[in-house]
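Here is the structure we will look at, set down as structure tokens.
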Protein chains: 2
Amino acid sequence: MASKTPSTEGPAPEGLLLPVPGLAYGVLDQLLGYALRRAQNALYLDFYRAIAQQGGPAEVSPQRFAALVLVANNPGMRQGLLAQAMGLHRSGALRLTDWLTEQGWVERRDDPADARSWGLHLTAAGRRALSKLEQAVRAHDQALLLGLGERGAGLKTDLERLAWVATAAQTNRAG
Amino acid sequence: MASKTPSTEGPAPEGLLLPVPGLAYGVLDQLLGYALRRAQNALYLDFYRAIAQQGGPAEVSPQRFAALVLVANNPGMRQGLLAQAMGLHRSGALRLTDWLTEQGWVERRDDPADARSWGLHLTAAGRRALSKLEQAVRAHDQALLLGLGERGAGLKTDLERLAWVATAAQTNRAG
DNA sequence: TATTGTTATACTCTATAACTATA
DNA sequence: TATAGTTATAGAGTATAACAATA
């Protein structure tokens, strides 16, 4: 490895990433990966709009939303498991949990099975917040599916398969 | 807007973001957006592997690769245009250009039409580097398409459409 | 000895604001 | 007065390493 292993660096799409008329994109136009990046960028930005518009609290990133959903659906889950599920380091899951706790949405309770661990639980306020957020996110997603027409359903399946293929490629190459 | 407009915040997927067996994902499993995030995450990580494996210089992120391609295909393009094409602030394009220049891949020349601007150009080394990188990236992308079978081609089209739909949704909502 | 969570720190990427020089 | 690029700085997000408590 040339230097520090950039393996887990962040991509961080930012502003709108759209084709600029008159610009030549070369290979990029042919790459599935670039099309994926553009789509992800657009959805990411739209996610915030959807939440803000709905009156939901800003600062709820897709990641924070995902964490809230996971805790809601897996009451008592450990922080470390949250980290694993979200592809984060333990310290990252800590920050995430801190933030959710500061919002009053999540609670750390003692884990009866292991005194080192926390069990994460939604508070009543967390359930209310999630309910609103989930509604907004669902509507947002539905609108996209609608815009895609009949291909929408297949797209989701294809993306899941793509994630699988890319991961398998990694495993093969690494292992 | 509720607070500071998080509009252009970075998502920064990190480690591998895969379904953890036994964990309940709730809505996430139903969301196109989450499937997209997972796919993007997997491809992003695989991109580095593909480049590193091919012997290419590490630290070449998808973004840096894209910038290199853009400069190659639009000789003399201004930094500001690069920023626009990549959804970045001017200062971000500056850093990006600085890095490419440090690698000896890109050169800033005076823009004959506007003394305030630079014209960005690939160096000979840049052309060589791009040639190697492009080969690796193309192979990487091809492997993914292959893994997807007949749905691969359609997927790219669908993603482009999805980006368009999400962007239109934003514009409608904002405007 | 390994694991869970924490703390402190550093690194990367991005944006904002103020500045220079051109237009 | 507006634009291109720069500089300096701040902010969000992540990782690393060392530590305490527990397994």
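First the proteins, then the strands, lettered A, B, ... as listed; each starts at 1. None of these values were measured; they are calculated from a predicted model.
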Enumerate the side-chain hydrogen bond (donor to acceptor under 3.5 Å, both in side chains) contacts for residues 75-86 of chain B, please, sequence neighbours excluded, ordered by first and then second residue. B/Gln79-B/Arg108
Does the side chain of A/Leu23 reach to within under 4.5 Å of the side chain of B/Met77, using non-hydrogen atoms? yes
Between C1' on C/dT12 and CD on B/Glu102, what's the gap in Å once rounded to a whole number? 14 Å
Pick base, sugar-phosphate or nothing for A/Gly92, based on heavy-atom distances below 4.0 Å to the nucleic acid. nothing
Got a second to check how far A/Leu120's CG is from A/Asn74's CG, nearest 0.5 Å? 10.0 Å
Enumerate donor-acceptor pairs with a distance under 3.5 Å from any side-chain N or O in residues 26-34 of chain A to protein atoms, sequence neighbours excluded.
{"residue": "A/Gln30", "atom": "OE1", "partner": "B/Arg138", "partner atom": "NH2", "Å": "3.0"}

Nearest whole angstrom, please: distance from the P of D/dT6 to the CH2 of B/Trp118. 6 Å
Non-hydrogen side-chain atoms of B/Glu160 and A/Arg38 separated by less than 4.5 Å: no
Taking atom C1' of D/dA12 as reference, at what distance in whole Å does atom OH of A/Tyr44 sit? 10 Å
Does A/Leu159 reach the side chain of B/Leu159, with side-chain heavy atoms less than 4.5 Å apart? yes
Return the value, rounded to whole Å, for the distance between atom CG of A/Leu17 and atom P of C/dT14. 11 Å
Whole-Å distance, B/Tyr48 OH to D/dA15 P, equals 13 Å
Measure across A/Ser61 and A/Tyr48 and return the closest heavy-atom pair with its distance rounded to 0.1 Å. CB-OH, 3.2 Å
Residues in ring pair (Phe, Tyr, Trp, His ring centres under 6.0 Å) with A/Trp99, at least two apart? A/Trp105
Between protein and nucleic acid, restricted to nucleotides 7-9 of chain C and to nitrogen or oxygen atoms under 3.5 Å apart, what atom pairs and distances do you find?
{"residue": "C/dT9", "atom": "O4", "partner": "A/Arg95", "partner atom": "NH2", "Å": "3.1"}

Using a cut-off of strictly less than 4.0 Å, decide whether A/Gln63 has a side-chain nitrogen or oxygen near OP1 or OP2 of D/dA12. no
To the nearest Å, give me how far apart CG (A/Leu16) and C1' (C/dT14) are. 16 Å
Atom CG of B/Leu88 and atom P of D/dA4: how far apart are they, to the nearest Å? 16 Å
In whole angstrom, what separates B/Gln84's CD from C/dA15's P? 14 Å
Validation: residues 89-97 of chain B side-chain donor-acceptor distances under 3.5 Å, sequence neighbours left out:
{"residue": "B/His89", "atom": "ND1", "partner": "B/Ser91", "partner atom": "N", "Å": "3.1"}
{"residue": "B/His89", "atom": "ND1", "partner": "B/Ser91", "partner atom": "OG", "Å": "3.0"}
{"residue": "B/Thr97", "atom": "OG1", "partner": "B/Ala93", "partner atom": "O", "Å": "2.7"}

With DNA chain D as reference, determine whether A/Leu96 or B/Arg108 sits nearer its 5' end, using the nearest nucleotide of each. B/Arg108
Between protein and nucleotides 18-23 of chain C, map the contacts as a letter string: B base, S sugar-phosphate only, - none, heavy atoms under 4.0 Å, written 5' to 3'. ---BBS
